[in-house]
Amino acid sequence: MYTLAENGTDKKGQDHIFVTGEGSDLSNKEALKGRAKRKTITQSMALSLIDVVKEKDDSEREKAYWNTYYCQSSITTSKGKLYGKYCKNRFCTLCCSIRKAEIINKYLPVIKEWEDPHFITLTVKSCNHNQLRSYIRSMKSTFKRIIEKHKKQDQRGTGEKLIGVKSLECCFNPQRRTYNPHFHLIVANKAMANIIVAEWINRSKKGMVSPKAQYILKTFDVEKNLIEIIKYGSKIFTEPDLKKRSKSNENERQMYVAALDTILAAMKGKRIFDRFGFNLPKKAKNNLSTTQLISDFKQWEFNPALANWQNIYNAEVLTDYKLPSDLAAMLSNNINGNIK
């Protein structure tokens, strides 16, 4: 029963259908199991987020969460490829995994050419949920002014422009019920890292930034650091007591969905990942249509009870993924919609 899909045609419905895109490889069993795990987590998260925004009577965010719930729910397989529609929402773990791969493919070759890349964390004072959006707006404005200043100095021949990539993330502290928005960066060398941190401290309002909370580290593994800054914008699971992080209490981690919704709302319309000071190499555009008509196919629907995609005409399942008991318990018992 728990086998990968084999080629064959479901002729109980239509004999031909259109699919779009290049499709995903069906032969990678581990990747398919990972997809099933992410789909299971995403559906649980989306349903909980929907409950949160229903109380706020926010129909727009509710629609977005429903789109994520149904992301990749219906898929088609044909000749070793998997096809389905993506919601493309930044809080969807399925879409974020694709986004991560795309960013790595685009940026890793460029960053590897930098002479002495350094990793930076820029933080500000923690805030409550009502302040979060204005904090993020102020942070982005401050960083933009830093970049523009040094860009103009480079144009005038009086300085050097800053080169790097940047991502925005926000963590939630369930004990204090506060939010910590921050930037992660990779820059071309240590001198640029020192300039950015110094400017960040000097330009921030008094009491908003602690010099001790800003970090600069030499990057020895560029790919690892790039992966570190390509995130969803916020951690999905958080330890109830941040001072007692360990593998022993992983099963105690909570999904604070009300806080997660607050973070997602504050980040709405804000670019999470961006570059500055350089352009990516131009690639030739492929204007050919990726839509194709197929006749040899199978269709599947995601079954939450199985944590798997099931053939719409029989009991066959797409992957051999089985939901671990600890993750099932977390999704059943550790979703907290009250704390924000």
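Heavy-atom basis, side chains included; hydrogens, waters and symmetry copies ignored.
Open room surrounds NZ on K37; 12 or fewer heavy atoms of other groups in view lie less than 6.0 Å from it. No more than 12 heavy-atom neighbours from other residues, nucleotides or ligands sit within 6.0 angstrom of CD on E113.
Clustering ILVMFWY residues whenever any of their side-chain heavy atoms sit less than 4.5 angstrom apart, transitively, puts M139 in a cluster other than the one holding Y215. Tracing side-chain contacts under 4.5 Å through hydrophobic residues (I, L, V, M, F, W, Y), one never reaches Y86 starting from Y70; they form parts of separate clusters. By the rule that hydrophobic residues join a cluster once side-chain heavy atoms approach within less than 4.5 Å of another member, I227 and F119 end up as members of one cluster. A single hydrophobic cluster is seen to contain both L280 and V222, as judged by linkage of ILVMFWY side chains at heavy-atom distances under 4.5 Å, directly or through other members.
Side chain of S295 to backbone of D15: no donor-acceptor contact under 3.5 angstrom is found. For the pair W66 (side chain) and L47 (backbone), a donor-acceptor distance under 3.5 Å is absent. Within the 3.5 Å criterion, the main-chain N or O of S44 finds a donor-acceptor partner in the side chain of S48. In this structure, the side chain of E160 does not engage the main chain of H150 through any donor-acceptor pair within 3.5 Å. The backbone N or O of R271 lies less than 3.5 Å from a partner atom in the side chain of K140, making a donor-acceptor pair. Under the 3.5 Å distance criterion, the side-chain polar atoms of Q72 are matched with a main-chain donor or acceptor of G84. Side-chain N or O atoms of N225 include none that pairs as donor or acceptor with a backbone N or O of T219 at under 3.5 Å. Using a distance-only test at 3.5 Å, with no hydrogens or angles considered, no donor-acceptor pair links the side chain of N89 to the main chain of F91. Checking side-chain atoms of R90 against main-chain N and O of C96 turns up no donor-acceptor pair under 3.5 Å. Listed for the T262 side chain is no donor-acceptor partner under 3.5 Å among the backbone atoms of H129.
T93 and T42 share a side-chain donor-acceptor pair at under 3.5 Å. Side chain to side chain, S78 and D296 fail the donor-acceptor criterion of an N or O pair below 3.5 Å. Using a 3.5 Å distance cut-off with no hydrogens or angles, the side chains of Q214 and T123 do pair a donor with an acceptor.
Side-chain contact between V317 and W309: absent, with no pair of heavy atoms (C-beta onward) separated by less than 4.5 Å. The side-chain heavy atoms of K81 and T76, taken from C-beta on, include no pair separated by under 4.5 Å. Taking the side chain as every heavy atom from C-beta outward, Y313 and W300 never approach each other to under 4.5 Å. Between L327 and T40, the closest side-chain pair of non-hydrogen atoms is not below 4.5 Å. The closest side-chain heavy-atom distance from D261 to K56 is below 4.5 Å. Contact check for K39 versus L94: side-chain heavy atoms found under the 4.5 Å cut-off. Contact check for I75 versus Q299: no side-chain heavy atoms found under the 4.5 Å cut-off. In this structure, the side chains of V52 and K54 stay at 4.5 Å or more apart for every pair of heavy atoms.
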For the pair K112 and E223, evaluate salt bridge (Lys or Arg N to Asp or Glu O under 4.0 Å) and give the outcome as yes or no after the intermediate values.
CA-CA 9 Å; K112 280 185 173 180; E223 184 171 2; 5.3 Å; no

Assess the residue pair L162 and I196 against the criterion (side chain to side chain contact (heavy atoms under 4.5 Å, CB included)); give the C-alpha distance rounded to whole Å, side-chain angles, the decisive distance to 0.1 Å, and a yes or no.
CA-CA 8 Å; L162 302 173; I196 289 174; 3.7 Å; yes

Salt bridge (Lys or Arg N to Asp or Glu O under 4.0 Å) between R35 and E30, intermediate numbers included:
CA-CA 9 Å; R35 184 186 292 247; E30 291 304 311; over 6 Å; no

Working note: I272 + M267, criterion side chain to side chain contact (heavy atoms under 4.5 Å, CB included); need CA distance, chi angles, decisive distance, verdict.
CA-CA 8 Å; I272 299 294; M267 290 185 174; 3.5 Å; yes

Worked verdict on H118 versus I186 for side chain to side chain contact (heavy atoms under 4.5 Å, CB included):
CA-CA 6 Å; H118 274 66; I186 301 176; over 6 Å; no

Pair C171-H182, side chain to side chain contact (heavy atoms under 4.5 Å, CB included): steps then yes or no:
CA-CA 8 Å; C171 297; H182 53 277; 3.6 Å; yes

Dump the intermediate steps for side chain to side chain donor-acceptor pair (under 3.5 Å) on S74 and E301, then the final yes or no.
CA-CA 5 Å; S74 300; E301 287 288 337; 2.5 Å; yes

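Distance OH/Y65 to CD1/I50: 9.5 Å, rounded to 0.5 Å. Atom-to-atom distance recorded for D57:CG and E62:CD is 8.5 Å, nearest 0.5 angstrom. A distance of 6.0 Å separates OG in S24 from CD1 in I98, rounded to the nearest 0.5 Å. L331 contributes atom CG, which lies 9.5 Å from atom CG of D326 (distance to the nearest 0.5 angstrom). Between L168 atom CG and C170 atom SG the span is 7.5 Å, to the nearest 0.5 Å. To the nearest 0.5 Å, the span separating CG on N279 from NZ on K282 amounts to 8.0 Å.
Closest non-hydrogen pair, K88 versus C95, comes out as N-SG, 3.1 Å. The two residues A307 and L323 make their nearest non-hydrogen contact at CB-CB, 4.1 Å. When all heavy atoms of Q43 and S73 are compared, the pair lying nearest together is NE2-OG, 3.6 Å. C92 and T68 get closest at one heavy-atom pair: CB-CG2, 3.7 Å. Shown here for N308 and T319, the closest heavy-atom pair between the two residues is ND2-O, 2.9 Å. When all heavy atoms of Y321 and A36 are compared, the pair lying nearest together is CD2-CB, 3.7 Å.
Checking R253, M255, Q254 one by one against M330, the side chain to side chain contact (heavy atoms under 4.5 Å, CB included) holds for a single residue, R253.
By the 30° and 60° cut-offs, the orientation of the rings of F276 relative to F143 is perpendicular. Classified by interplanar angle (parallel below 30°, tilted 30° to 60°, perpendicular above 60°), the ring pair F278/W114 is perpendicular.
A salt bridge is defined here as a Lys NZ or Arg NE, NH1 or NH2 lying under 4.0 Å from an Asp or Glu carboxylate O, and R145 with E148 fails to meet this definition. Using a cut-off of 4.0 Å between Lys/Arg side-chain N and Asp/Glu carboxylate O, K224 and D221 are scored as not salt-bridged. Between E316 and K298 there is a salt bridge, since a side-chain N of the basic residue sits under 4.0 Å from a carboxylate O of the acidic one. A salt bridge links K218 and D116; the closest N-O separation between the charged side-chain nitrogens and carboxylate oxygens is under 4.0 Å.
The ring of Y107 has its center closer than 6.0 angstrom to the ring center of F273. Annotation: Y83 is not in aromatic contact with F297 [ring centroid separation under 6.0 Å not met].
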